[in-house]
There are 2 protein chains.
Amino acid sequence: MIKQSVTAEDVARRAGVSRAVVSRALSNNGSISPATRERVLLVAKELGYQVNFLAQGLNRRRSHLIGVIVSRINDPFRSSLLDGLLGEIQRHGFQALVTEIRSEQELEDTLRHFAQFRVSGVIVTSGKPPEALVNECVQQQIPVVGINRQPDIPGVDYVCSDNAAGAALAAEQLVRGGCRRFGWLNNDNSTWAGRMRGEAFRLALDELGVDTARNLVTLLAPQEGYDGGMQAASAIKSPPEGIFCANAQLACGFLDGMRQQGKDAPQDFQLIGFDNTPQTAQYGYRLTTLNQNVAEISRLALMHLLERARDPLQPSRTSWVKVDLIHRHTSLPTT
Amino acid sequence: MIKQSVTAEDVARRAGVSRAVVSRALSNNGSISPATRERVLLVAKELGYQVNFLAQGLNRRRSHLIGVIVSRINDPFRSSLLDGLLGEIQRHGFQALVTEIRSEQELEDTLRHFAQFRVSGVIVTSGKPPEALVNECVQQQIPVVGINRQPDIPGVDYVCSDNAAGAALAAEQLVRGGCRRFGWLNNDNSTWAGRMRGEAFRLALDELGVDTARNLVTLLAPQEGYDGGMQAASAIKSPPEGIFCANAQLACGFLDGMRQQGKDAPQDFQLIGFDNTPQTAQYGYRLTTLNQNVAEISRLALMHLLERARDPLQPSRTSWVKVDLIHRHTSLPTT
DNA sequence: TTGAAAGCGTTACCAA
DNA sequence: TTGGTAACGCTTTCAA
């Protein structure tokens, strides 16, 4: 019969101390003489002792898990974001519980499951959690942070790219690049971030003196992603001079769609997309884009989580992350 | 003072039964009269009772967690694979513990952490776990399955795309498409799957009567990914007629690199890449590729996990997943 | 069918 | 500084 696994009891016995001392030695928590500490640690290593996280979590009412809610991680921007979050989560000594959702119902179930694992925090990168459910989390002292979500639930912290500033950069670039007629490309049923970018674009153009009622048209893609952009392009006879696009996938599809018609940027139109995905930098696209600082977004998300864990009742906070214009090939140099 | 959370005890009291009965009602495990079952379930719903997974796992010595080891999920193929795995894991009622590793050391630590959470299984999509460590898992009855790894550790199951068959398809396509001189493009320090594809390509050409000693050259990219492919292209004066490439990212980079020199497929050379990533299908590339069936790979991975959980001592198995040639624009029609 | 009780492996409080 | 002990919340014998 094989011993299933080494427990604190085993270590205690072998080191000639009590379980309690073992716990203290390993957790640096509670007073213990340096000598015994050394000895226990040595024995623990000898025996290959590993704390049982389930037991630890049960006792502490909190696991070292952080729940992450994502969707469609095939999308390059989303996988970049997940990448950044995983790195940050691991850097802080947590493990990521990742769930991909396909509906709001799945989001609810997931949030429950996270709670059942007594996670140390939840990061929502997709969907809109119902306020009631989030309140349950808050009541259980589980910090929740939303990324690029509309900051509207009390007790939840948010990290968002500064969409408005990004849209303004795009507007300025296009105007100074000589455009007179503008287009805003987004897909139907867009996210909050997408809609926000569109509204801010209009506003920024207004302030730059553009008569947006006349000279700004909305191009609506029938679906999201590359294919949506391509379809939007095929529905157009002659593109506006300066086009701002809600995200990179849409922009790449649109550009390819126009090329199929023999039109290209920057000669026939200028194009700026949001999200600086790797693909937009490639030779075939060299798209001017707005870069979302994924590393900074991830860093702030964890920071909010940790701070709220320390003080659960503090007021909600929203961090806006600076967005940069990456000037490439699909927009003209400003004069 | 707020009640932290509803426990089985609470439900038991309210339903006028014992904790044990509550457990039976919820787990469908152990005999219980339909009437009390109904009643308990009703009360549980009323009170919003949720099983504490930490306590459950501690008692059962197994959590409903499955550990997944990944790396560089920015790569479109890898994020597709992760996507498939997450779907399959959730479909079976598990939660995914995802860790991104950057070194073999991190792999070891991760494997330990997974064990500490008493995961129901581990899926390795990157790195090469040391046999000793895997044996610890095996001893703890934790099933391990490797995806596209060299199947060489006893007690571990594997799921691999049929690289050899894929390479043979590519060879045949290129030969029948009229190529006489061939190239194999891979990056330095390639994975086992990559090397295997290269060897199989040579073998297949041999069998098709090509004098590979003379007419097959190896193009070595100095790094992986798109940039590596581009660099490989820039080191070439005149490309071989038919090029097979270890993966899609490399292939896209190579194609763009050649285009930069004014050469394009299929007129100046033919190109077939492994991994049918979304990008390869796009208008700018329309690359002929070998499709890895991610859904099937994921399905089999979970199947192996579940079967080995049932019978931990069964001999290791390796499933080879069929690969399909997607004929697109970078190879000529066969005559 | 039901309930009592003994774990599962930790941690934290309280005496010593 | 240490050890005993009572949780943590659940599952699973074993009797009744």
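Numbers restart at 1 for each chain; the letters A, B, ... are given by sequence-line order, proteins then strands. Values in this document were obtained by computation on a predicted structure and should not be read as measured data.
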Gap between atoms CG and C1', on A/L26 and C/dG9 respectively (whole Å):
13 Å

Between the side chains of A/N135 and A/E131, does any donor sit under 3.5 Å from an acceptor?
no

Per B/R24 side chain, nearest of listed nucleotides D/dT11, C/dT2, D/dG4
C/dT2

Any A/N29 side-chain nitrogen or oxygen under 4.0 Å from OP1 or OP2 of C/dA12:
yes

How long is the line joining CZ of A/R60 and C1' of D/dG9, in whole Å?
17 Å

Nearest to the side chain of A/T7, heavy atoms from C-beta on, is which of C/dG3, D/dG3, C/dT10?
C/dT10

Select base, sugar-phosphate, or nothing to describe what A/V22 touches, counting heavy atoms under 4.0 Å on all strands.
nothing

Spacing of A/R62 atom CZ relative to C/dT10 atom C1', expressed in whole Å:
16 Å

Distance in angstrom units between A/L58 CG and C/dG7 C1', rounded
13 Å

Which part of the nucleic acid, if any, lies within contact of A/I32, taking any heavy atom under 4.0 Å across all strands shown: a base, the sugar-phosphate backbone alone, or nothing?
sugar-phosphate

Should B/R19 be listed as having a side-chain N or O under 4.0 Å from OP1 or OP2 of D/dC10?
no

A/H113 and A/T99 side chains, donor-acceptor separation under 3.5 Å
no

Name every residue in residues 33-55 of chain B that has at least one heavy atom under 4.0 Å from any atom of DNA chain C, in order of residue number, or write none if there are no such residues.
B/S33, B/T36

Mind listing the closest non-hydrogen atom pair of B/I153 and B/S316 along with its distance?
O-OG, 3.7 Å

With a 4.0 Å limit, can you tell me whether A/S31 has a side-chain N or O closer than that to the phosphate oxygens OP1/OP2 of D/dT1?
yes

In whole angstrom, give the distance that lies between atom CZ of A/R61 and atom P of C/dA12.
10 Å

By side-chain hydrogen bond (donor to acceptor under 3.5 Å, both in side chains), which residues pair with A/R19, not counting sequence neighbours?
A/E9

In whole Å, what is the span from the CD atom of B/Q56 to the C1' atom of C/dG7?
16 Å

Would you mind reading off the distance between B/R118 atom CZ and D/dT11 atom P, rounded to a whole angstrom?
17 Å

Around atom CZ of A/R14, are there more than 12 heavy atoms of other residues, nucleotides or ligands at under 6.0 Å?
no

Nucleotide C/dG9, atom P - distance to CG of B/N59 in whole Å:
10 Å

May I ask you to say what A/A8 touches in the nucleic acid, namely base, sugar-phosphate or nothing, with a heavy-atom cut-off under 4.0 Å?
sugar-phosphate

Please identify which of these residues, B/R149, B/R317, B/R308, meets the salt bridge (Lys or Arg N to Asp or Glu O under 4.0 Å) condition with B/D157.
B/R308

Plane angle bin for B/F117 and A/F53 - parallel if under 30°, tilted between 30 and 60°, otherwise perpendicular
tilted

